[in-house]
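Heads up, the thing below is written out as structure tokens.
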Amino acid sequence: MTIVTALFIAIVVFFAIRAIPGDPALTILGTDSTPDERARLRTVMGLDQPLLAQFTIWLGHLFSGDLGYSYSQGRPVTEIIGPALQNTLLLGTAASVIAILLAIVMGNLATSPWRGLRRTVDAAEALFLSAPQYTVALLLLIAFAVLVPLFPAGGISTRGDGSPVDVLTHLALPAIALALAPGAQMARSLKTSISTLSASELLPTLRARGLSPWRITVHAHHNALPPMITVLGIQVGTMLGGALFVEQIFSIPGLGALVVQSVGLRDYTLVQAVALLIAVIFVVVLLLADVINALLDPRIRKGRA
């Protein structure tokens with residue numbers, strides 16, 4: 001199903017980008033170009049062929065590992081995507097780690113016996129879920145990079161540095177902006193799972209067997225983690241979508257910024273490659289979430305859940 005989904009995404013991406021108004025040749029060559037120059041560039045780009053023929057050629061190149069050539073930047077797409085993919089993966093990994101830690105902390109606090117603490121956590125969850133990621137990014141940028149300059153205002157690293165500490169300080173604010181909403185959503189899922197387990201006979205049975213509170217907590221989280229991991233896989237899509245705005249706000253040269261740039265240039269080849277790559281990353285993460293859930297829950301491996 002992952003392969004079928006990736007193929008369907010390739011079809012949608014190809015025809016969707018063609019629906020964007022504008023002439024790629026005119027955008028690349030500029031208004032000073034002549035009609036003959038634009039016509040020659042369309043021929044070189046293959047835009048003079050029928051749409052179905054263009055798709056067949058692109059799909060054939062895709063299966064052979066050729067993502068095409070970016071005429072707006074004058075180099076192969078793979079050379080452009082490589083550094084951008086690395087930056088997006090760094091940001092996505094940092095955001096995922098923060099989201100998981102936030103979910104575990106908030107999910108456990110939300111099941112606290114203290115009513116005031118539960119209400120506080122519920123209010124924080126609602127705030128994080130309702131705040132758009134680009135708004136959070138702007139507020140964090142103004143608060144902690146301008147008014148109180150604790151973190152860099154943009155980029156992926158300081159010129160000439162690039163050490164792990166330097167990269168982490170640059171990623172802190174954008175990663176937090178991406179992580180709050182997914183973390184709150186996973187915290188809600190974890191809270192529901194723990195509450196369901198507390199209402200079942202499992203935890204009282206474990207207490208009756210004399211297990212320590214730490215062992216009971218481990219068992220409870222082992223049973224509550226699969227739903228949260230599923231939510232994490234889905235929330236990766238939210239983070240990838242939010243990266244389109246967050247990378248622009250923090251001037252991070254990642255896939256999100258590359259999509260915005262390539263759409264503005266009507267660079268069909270580059271947009272298709274980047275959009276397809278983002279979609280494939282999302283599909284693969286969902287597949288990994290299913291595999292991890294199967295490893296955690298024997299019922300899934302045996303097809304009984």
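Enclosure of atom CZ in Phe8 is not indicated, since only 12 or fewer non-hydrogen atoms of other residues, nucleotides or ligands lie within 6.0 angstrom. Heavy atoms of other residues, nucleotides or ligands lying less than 6.0 angstrom from CZ of Arg119 number 12 at most.
In terms of heavy-atom proximity, Leu240 sits nearest to Ile278 at CD1-O, 3.7 Å. The minimum heavy-atom distance between Ile98 and Ala175, with the atom names listed, is CD1-CB, 3.8 Å. Nearest heavy-atom pair, Ser70 versus Ile80, reported as atom, atom and distance to 0.1 Å: CB-CD1, 3.6 Å. The shortest heavy-atom contact between Ile252 and Ala257 is O-CB, 3.5 Å. Ala25 approaches Leu41 most closely through the heavy-atom pair CA-CD2, 3.8 Å. Residues Val285 and Gly233 share a closest heavy-atom pair of CG1-CA, 3.9 Å.
Once rounded to the nearest 0.5 Å, the distance linking CZ of Phe250 with CG of Leu138 reads 7.5 Å. Between the CG atom in Leu147 and the CG atom in Leu139 there is a gap of 10.5 Å [rounded to 0.5 Å]. Between the CD atom in Gln133 and the CG atom in Leu244 there is a gap of 10.0 Å [rounded to 0.5 Å]. Here the CD1-CG distance, from Ile9 to Leu277, works out to 11.0 Å after rounding to the nearest 0.5 Å. One finds the CD1 atom of Ile229 at 14.0 Å from the CD atom of Gln235 (value rounded to the nearest 0.5 Å). Put simply, OG1 on Thr230 and CG on Asp290 are 6.5 Å apart, with the number rounded to the nearest 0.5 Å.
No single ILVMFWY cluster, assembled from side-chain heavy atoms under 4.5 Å apart, contains both Val97 and Leu171. By the criterion of side-chain heavy atoms lying less than 4.5 angstrom apart, applied directly or through intervening Ile, Leu, Val, Met, Phe, Trp or Tyr residues, Leu178 is grouped together with Phe144 in one hydrophobic cluster. Hydrophobic cluster membership is shared by Leu286 and Leu7, with clusters built from Ile, Leu, Val, Met, Phe, Trp and Tyr side chains linked at under 4.5 angstrom. A continuous path of ILVMFWY side-chain contacts below 4.5 Å connects Val263 to Leu276, so both sit in one hydrophobic cluster. Both Val274 and Val284 belong to a single network of hydrophobic side chains, linked directly or stepwise wherever heavy atoms of I, L, V, M, F, W or Y lie under 4.5 Å apart.
Applying the side chain to side chain donor-acceptor pair (under 3.5 Å) test to pairs two or more places apart or on separate chains, those with a residue in residues 46-67 are Arg18-Gln54. Sorted by first and then second residue, the pairs that involve residues 239-254 and meet side chain to side chain donor-acceptor pair (under 3.5 Å), not counting sequence neighbours, are Thr88-Glu247.
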Query - Step-by-step ring-ring contact (aromatic ring centres under 6.0 Å, His included) determination, Tyr268 to Phe14 - result: CA-CA 8 Å; Tyr268 288 168; Phe14 181 88; 8.3 Å; no
Requested in this report: Determine, stepwise, if the pair Val136 / Val246 fulfils side chain to side chain contact (heavy atoms under 4.5 Å, CB included).
Outcome: CA-CA 9 Å; Val136 175; Val246 173; over 6 Å; no
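With contacts defined as side-chain heavy-atom distances shorter than 4.5 Å, the pair Phe151/Leu140 does not qualify. Using a 4.5 Å heavy-atom cutoff, the side chains of Thr34 and Glu37 are in contact. Between Phe55 and Ile11, the closest side-chain pair of non-hydrogen atoms falls below 4.5 Å. Met228 places none of its side-chain heavy atoms less than 4.5 Å from the side chain of Gln185. Counting only heavy atoms from C-beta outward, the side chains of Ile156 and His170 never approach each other to under 4.5 Å. For the pair Val13 and Val271, the minimum side-chain heavy-atom distance is 4.5 Å or more. Using a 4.5 Å heavy-atom threshold, the side chains of Leu67 and Pro76 count as separate. Between Tyr69 and Thr269, the closest side-chain pair of non-hydrogen atoms is not below 4.5 Å.
Screening Thr5, Val236, Leu288 against Val283 for a side chain to side chain contact (heavy atoms under 4.5 Å, CB included) leaves a single residue, Thr5.
Side-chain polar atoms of Asp267 and Ser72 form a donor-acceptor pair below 3.5 angstrom.
Of the possible donor and acceptor atoms, one in the side chain of Thr169 sits under 3.5 Å from a partner among the backbone N and O of Asp166. Between the side chain of Arg118 and the backbone N or O of Leu109 there is no donor-acceptor pair closer than 3.5 Å. Remark: the backbone N or O of Gly242 is not paired with any side-chain donor or acceptor of Tyr134 at under 3.5 angstrom.
Applying the salt bridge (charged side-chain N to carboxylate O under 4.0 Å, His left out) rule to Glu125 yields the partners Arg188, Lys191; only residues at least two apart in sequence or on another chain are considered.
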